[in-house]
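Here the structure is laid out as structure tokens; the discussion comes afterwards.
In what follows, chains are A, B, ... by sequence order, proteins preceding strands, each numbered from 1.
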There are 2 protein chains.
Amino acid sequence: MSSYIRSLAERARAASHAIAALDPSRRAALLSKMADAVDAGRTDILAANALDMQRANEAGTTGAMLDRLKLDDGRIGGIVQAIREIAALPDPVGQVTRSETHPNGMTVEKVRIPLGLIAMIYEARPNVTADAAALCLRAGNAVLLRGGSEARESNIAIARCLHSALREFDLPIEAVALVEDTAREHVLELLQLTDLVDLAIPRGGERLIRFVAENARVPVIKHYKGVCHLYVDAAADPVAATRLAVDGKLSRPGVCNALETLLVHADIAGKWLPAAMGTLVRGGAEIRGCERTRELFPDAKPATNEDYDTEYLAPIISVRVVDSIDDAIAHIQRHTSDHTEVISTTDQAAADRFVRAIRSSAVMVNASSRFNDGGQLGLGAEIGISTTRLHAYGPMGLESLTIERWVVRGDGQVRHPESAQA
Amino acid sequence: MSSYIRSLAERARAASHAIAALDPSRRAALLSKMADAVDAGRTDILAANALDMQRANEAGTTGAMLDRLKLDDGRIGGIVQAIREIAALPDPVGQVTRSETHPNGMTVEKVRIPLGLIAMIYEARPNVTADAAALCLRAGNAVLLRGGSEARESNIAIARCLHSALREFDLPIEAVALVEDTAREHVLELLQLTDLVDLAIPRGGERLIRFVAENARVPVIKHYKGVCHLYVDAAADPVAATRLAVDGKLSRPGVCNALETLLVHADIAGKWLPAAMGTLVRGGAEIRGCERTRELFPDAKPATNEDYDTEYLAPIISVRVVDSIDDAIAHIQRHTSDHTEVISTTDQAAADRFVRAIRSSAVMVNASSRFNDGGQLGLGAEIGISTTRLHAYGPMGLESLTIERWVVRGDGQVRHPESAQA
């Protein structure tokens with residue numbers, strides 16, 4: 001007897017074959033229809049969201065959490081627009097990434113296919129329901145969606161719109177399978193379904209992500225946090241370095257590609273640090289510095305070792321003076337979250353050395369950490385950012401929801417012609 | 001206080017940075033030196049292997065297990081040759097897989113880097129010690145090797161040769177870190193080291209692989225077994241179909257890319273099946289057939305449902321007559337191990353339909369299942385075959401031991417120029 005979750009996952013997996021079998025143009029048309037359906041379903045979605053908001057208010061939810069949950073006409077317009085943009089992206093499925101003809105006459109190709117069934121486990125924001133479904137289906141996958149209980153009504157209303165589009169295309173609605181019963185034991189069970197779920201992607205706070213990573217038997221792609229560094233080299237252009245520091249820390253402090261730590265070469269510190277720190281402070285930043293930083297900029301609070309491992313998600317930055325690029329690299333290798341690191345330098349050799357020694361998912365030479373984002377890097381859309389150095393690393397778009405596999409075409413080639421004469 | 005395994009993994013991870021920082025030509029030279037060292041160390045390796053063989057004999061080990069453990073001059077020559085071939089392969093590290101210049105002037109590239117630290121968990125064959133070390137290091141990684149206790153002395157002797165080469169290059173010997181204490185609790189601990197180990201690859205029997213998969217917190221790439229199918233279409237060339245069946249089943253029945261099941265279209269079964277089964281039986285195969293197979297070839301034993309999920313690793317094959325290509329696809333979708341499937345047909349539309357509907361790691365159109373192998377597909381060497389549809393799928397060579405990540409080069413570009421004026 002199948003459990004609630006296993007039965008849902010079985011139907012979703014079966015549906016994944018139907019989505020994979022669609023022509024690329026038909027998959028794009030399905031997404032356009034989904035955008036239309038969400039657009040047409042505004043009233044129902046807003047009514048459902050009002051219910052979620054009311055419950056959240058009654059439960060005493062406030063601030064950012066409440067804001068993430070809230071939908072209005074503008075935000076629904078954003079969801080519709082996002083689905084249309086995903087519909088318009090090039091189809092990664094069927095892309096040939098390697099092709100050879102062998103001496104025995106057979107052709108050997110590596111060709112992208114969908115992953116199969118992808119489980120999304122996420123919190124609050126109801127737009128993830130539509131975004132994740134659109135990205136997974138566009139790349140030929142089915143998706144199992146487990147949103148937070150706080151957004152349950154909104155998620156159901158959005159999924160209903162997506163289902164109506166699937167029905168119009170005579171496709172099984174379980175290609176977008178929403179886990180409506182948000183009991184936690186269902187998540188636990190879902191994460192054990194190694195025969196049905198090809199990949200789990202958690203999206204939310206570090207606590208949710210650790211819960212998924214620690215309880216999953218299925219493969220998980222994730223990032224816990226972004227502790228991003230800017231190394232200001234001895235040969236940095238001081239003006240560019242300040243721009244990178246300000247944009248990296250202050251343009252949006254609450255996101256994972258914001259800077260958390262500045263490493264400043266001792267040879268430039270005297271000249272650069274006081275003025276740059278002044279600019280950051282005027283922009284609203286709090287500085288936590290090492291001793292040498294505090295000698296140059298006495299307003300800085302003292303930084304502890306814990307600071308160097310902290311993602312502040314706030315306008316706070318830790319600053320450390322280092323004696324060499326090697327010391328900067330060693331600091332990063334020790335404290336990195338494998339997300340994004342930046343070097344500011346006019347010395348090509350220093351830039352090359354930094355790029356080679358650092359293995360984070362994105363390295364920026366004289367460009368802001370804030371560019372580590374699917375849209376900014378040219379993926380069109382992003383389902384998450386991976387710091388797992390497997391398959392996907394960095395922002396994951398459509399391509400990361402597919403895998404290359406082998407197709408061999410021959411006219412009867414065998415490996416051991418002798419034995420085949422038997 | 002670090003445990004034995006954590007401390008070893010910490011040193012191996014530190015060593016991985018040194019291997020990643022080597023020039024490609026120097027990595028190749030290191031491997032050549034390793035080949036020389038194994039060649040020069042023959043006497044010690046054979047003496048160590050004699051000890052392992054003696055213990056295995058005393059423990060009552062026999063047959064295939066004993067054969068896998070045994071080294072002789074020829075097999076050591078094979079190890080040396082394999083390392084030299086890996087040394088000669090093109091370097092995947094630094095390969096640029098995507099490159100764009102953005103309107104703001106910055107260039108955005110996706111560049112291959114090593115994975116970091118790879119843990120190999122394997123049994124019996126001591127040659128894996130050298131093979132895995134050579135592949136991992138060639139792709140810029142460090143490796144943590146945990147071989148079986150039965151091959152402990154051989155593995156230590158081989159590792160000692162590899163270490164002498166590392167020493168000559170002034171590299172930390174822990175880049176090839178051998179777990180000499182083979183107590184099982186160390187494996188369990190190793191599989192939890194998510195902060196140090198980037199990937200675990202188990203190699204051995206299904207029991208070992210399940211143990212690793214079920215106990216790992218670190219990412220695992222694996223395949224349990226190969227239940228490979230040959231579908232003989234209504235439009236098959238009968239001679240080619242027989243060649244593919246004989247090569248697939250009989251050229252080496254004990255390997256994962258051997259055939260286990262034949263699916264035969266009803267329209268060709270009367271004409272093809274009796275003669276083809278006769279050929280297989282004369283070649284030494286046992287036939288287990290469905291009822292319709294047994295009507296056409298009464299010598300076949302009856303096949304059970306369990307047969308269709310079995311990797312025989314022996315000259316046994318299950319045979320089922322199907323009414324359509326859709327029935328064949330449905331059978332495969334239900335019983336596949338995602339390893340390799342073959343279609344024999346002269347009908348291009350049937351071939352396309354099969355390739356699209358089947359998502360196994362390799363699909364063969366009119367070519368033998370036995371070609372699903374790193375060497376045969378052109379990878380040069382193989383560290384394993386993956387049926388996990390993530391990152392690597394199918395035979396994994398050097399490229400699968402690396403990951404693409406982003407490198408952005410600019411001249412001070414920021415995402416929010418307004419805020420950077422602060």
Side-chain angles (χ1 to χ4, degrees), chain A residues 17 20-21 100 102 106 108 113-116 198-199 214 217 219 237 240 243-244 246-247 250-251 279 282-283 333 355-357 359-368 370-372 376-378 388-391 393-394 403-416 419-420 422, chain B residues 17 20-21 100 102 106 108 113-116 198-199 214 217 219 237 240 243-244 246-247 250-251 279 282-283 333 355-357 359-368 370-372 376-378 388-391 393-394 403-416 419-420 422:
Chain A
H17 289 289
E100 283 178 5
H102 283 220
M106 67 186 188
V108 174
I113 59 168
L115 294 179
D198 294 289
L199 173 64
E214 280 161 21
R217 283 271 155 270
D237 168 349
R243 276 167 60 86
L244 296 175
V246 171
D247 187 68
L250 295 177
S251 65
T279 306
R282 280 194 302 281
Q333 284 176 351
V355 169
R356 266 180 81 164
R359 51 188 181 205
S360 300
S361 82
V363 178
M364 312 299 188
V365 178
N366 297 321
S368 173
R370 299 283 294 72
F371 287 116
N372 191 3
Q376 295 292 324
L377 291 176
T388 308
R389 238 185 322 274
L390 264 185
H391 171 65
Y393 196 35
I403 186 69
E404 300 158 27
R405 64 88 181 256
W406 300 86
V407 174
V408 175
R409 294 174 202 272
D411 52 9
Q413 283 85 348
V414 297
R415 187 156 157 190
H416 294 276
S419 76
Chain B
H17 289 289
E100 282 177 7
H102 283 222
M106 67 184 187
V108 174
I113 60 167
L115 294 179
D198 294 288
L199 173 65
E214 280 162 22
R217 282 273 155 266
D237 168 350
R243 277 167 61 86
L244 296 175
V246 170
D247 188 68
L250 296 177
S251 65
T279 306
R282 280 195 302 281
Q333 284 177 350
V355 169
R356 265 180 84 163
R359 53 187 178 204
S360 299
S361 82
V363 177
M364 311 299 187
V365 178
N366 297 321
S368 173
R370 301 275 289 107
F371 287 116
N372 191 3
Q376 295 292 324
L377 291 176
T388 308
R389 238 183 325 273
L390 264 185
H391 172 64
Y393 196 35
I403 186 69
E404 300 158 27
R405 64 87 183 256
W406 300 86
V407 175
V408 175
R409 293 173 202 273
D411 52 10
Q413 283 85 347
V414 297
R415 190 157 155 188
H416 294 275
S419 77

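For A/Met106, the part lying near chain B is the side chain, with the backbone staying farther off; criterion is any non-hydrogen pair under 4.5 Å. A/Gln333 touches chain B through its side chain: at least one heavy atom from C-beta onward sits under 4.5 Å away, while N, CA, C and O do not. Residue B/Gln376 touches chain A through both its backbone and its side chain, counting heavy-atom pairs closer than 4.5 Å. Within the 4.5 angstrom heavy-atom criterion, atoms from both the backbone and the side chain of A/Val363 approach chain B. For A/Arg217, the part sitting under 4.5 Å from any heavy atom of chain B is the side chain, from C-beta outward, and nothing else.
Closest of all the heavy-atom pairs between A/Ser368 and A/Met364 is O-CG, 3.8 Å.
For the set A/His17, A/Gln413, A/Arg356, the entry with the most heavy-atom pairs within less than 4.5 Å of chain B is A/His17. Highest contact tally toward chain A, considering only B/Asp237, B/Asn372, B/Asp198, is held by B/Asp198 [criterion: heavy-atom pairs under 4.5 Å]. Ranked by non-hydrogen atom pairs under 4.5 Å with chain B, the options A/Ala367, A/Ala20, A/Ala357, A/Pro114 are led by A/Ala367.
Judged as a salt bridge (Lys or Arg N to Asp or Glu O under 4.0 Å), and not counting sequence neighbours, B/Glu214 has no contacts.
To the nearest 0.5 angstrom, B/Ile113 atom CD1 is 8.5 Å from A/Ser361 atom OG. A distance of 7.5 Å separates CG of A/Leu244 from CG of A/Asp247, quoted to the nearest 0.5 Å.
Using a 4.5 Å heavy-atom threshold, the side chains of B/Val414 and A/Ser251 count as separate.
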